[in-house]
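Numbering of ligands and ligand atoms starts at 1, following listing order. Just so it is clear, the values below take in all heavy atoms, side chains as well, and ignore hydrogens, waters and symmetry mates. Sequential numbering from 1 along the given sequence is applied to the chain's residues.
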Amino acid sequence: MNNGHNVIQNVLFVCLGNICRSPMAEGILKNKIDNLGLNDRYVVDSAGIGNWHSGEQPDPRMRATALEKGIELNSLARQVTSKDFKKFDLLIAMDRSNYSELLIMANDEEERSRVTLMRKFDPIASDDLNVPDPYFGGDEGFEDVYFMLERSCKNLLEYLQNVENT
Ligand code: 4NP
């Protein structure tokens, strides 16, 4: 979207509960944008397919993993809405299930074209392109998710910067 000066790109990360994967992705991307001093160029947010955790902080295990990497997660969970398809240029799903749900919610082909999968940006992604849900697993799952999202966000930001320059 064009604000008359710079192009502002709006990015929404989406997972199932909005307390583990998508808040971590949001935290990582915002941290990279901060470090480059590009805060006025991007709006980054996250949301969940479900509403079970609406209003909650991210899962304590995800927050602890993030803090170990120097990233503070301060989002509050919310559910995706149809308005998100109007506001966000890219809606990035954490796994294929989230991806399918977003495609069902989208109103038309143009909105569907804004939906993508996070691990399309991961240079060493598994074939299924899923960021596995760590919620019901052990602590190592959170660390694995962090590294996948870190790699993906690095590429994603390069992609966003290239789009801007074309
Ligand atoms: P997330 O993880 O989608 O990465 O936030 C989950 C958190 C909670 C639930 C599922 C996944 N849940 O079923 O409550």
With a 4.0 Å cut-off, would you call [X] and [Y] a salt bridge?
X	Y	answer
Glu72	Arg63	no
Lys30	Glu26	yes
Arg78	Glu56	no

For ligand 1, list the protein residues that place a heavy atom within a distance below 4.0 Å of one of its atoms, sorted by chain and number. Cys15, Leu16, Gly17, Asn18, Ile19, Cys20, Arg21, His53, Asp133, Tyr135
Salt bridge (charged side-chain N to carboxylate O under 4.0 Å, His left out) pairs, two or more places apart, involving residues 127-138: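 Every pair satisfying salt bridge (charged side-chain N to carboxylate O under 4.0 Å, His left out) with a residue in residues 127-138: Arg21-Asp133.
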Between Asp122 and Asn155, is there a side-chain donor-acceptor contact under 3.5 Å, judged purely by atom types and distance?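 No donor-acceptor contact under 3.5 Å links the two side chains.
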For the side chain of Asn130 and the backbone of Arg96, is there at least one donor-acceptor N/O pair under 3.5 Å apart?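 Indeed, once roles are kept as given, a pair shorter than 3.5 Å links the two residues.
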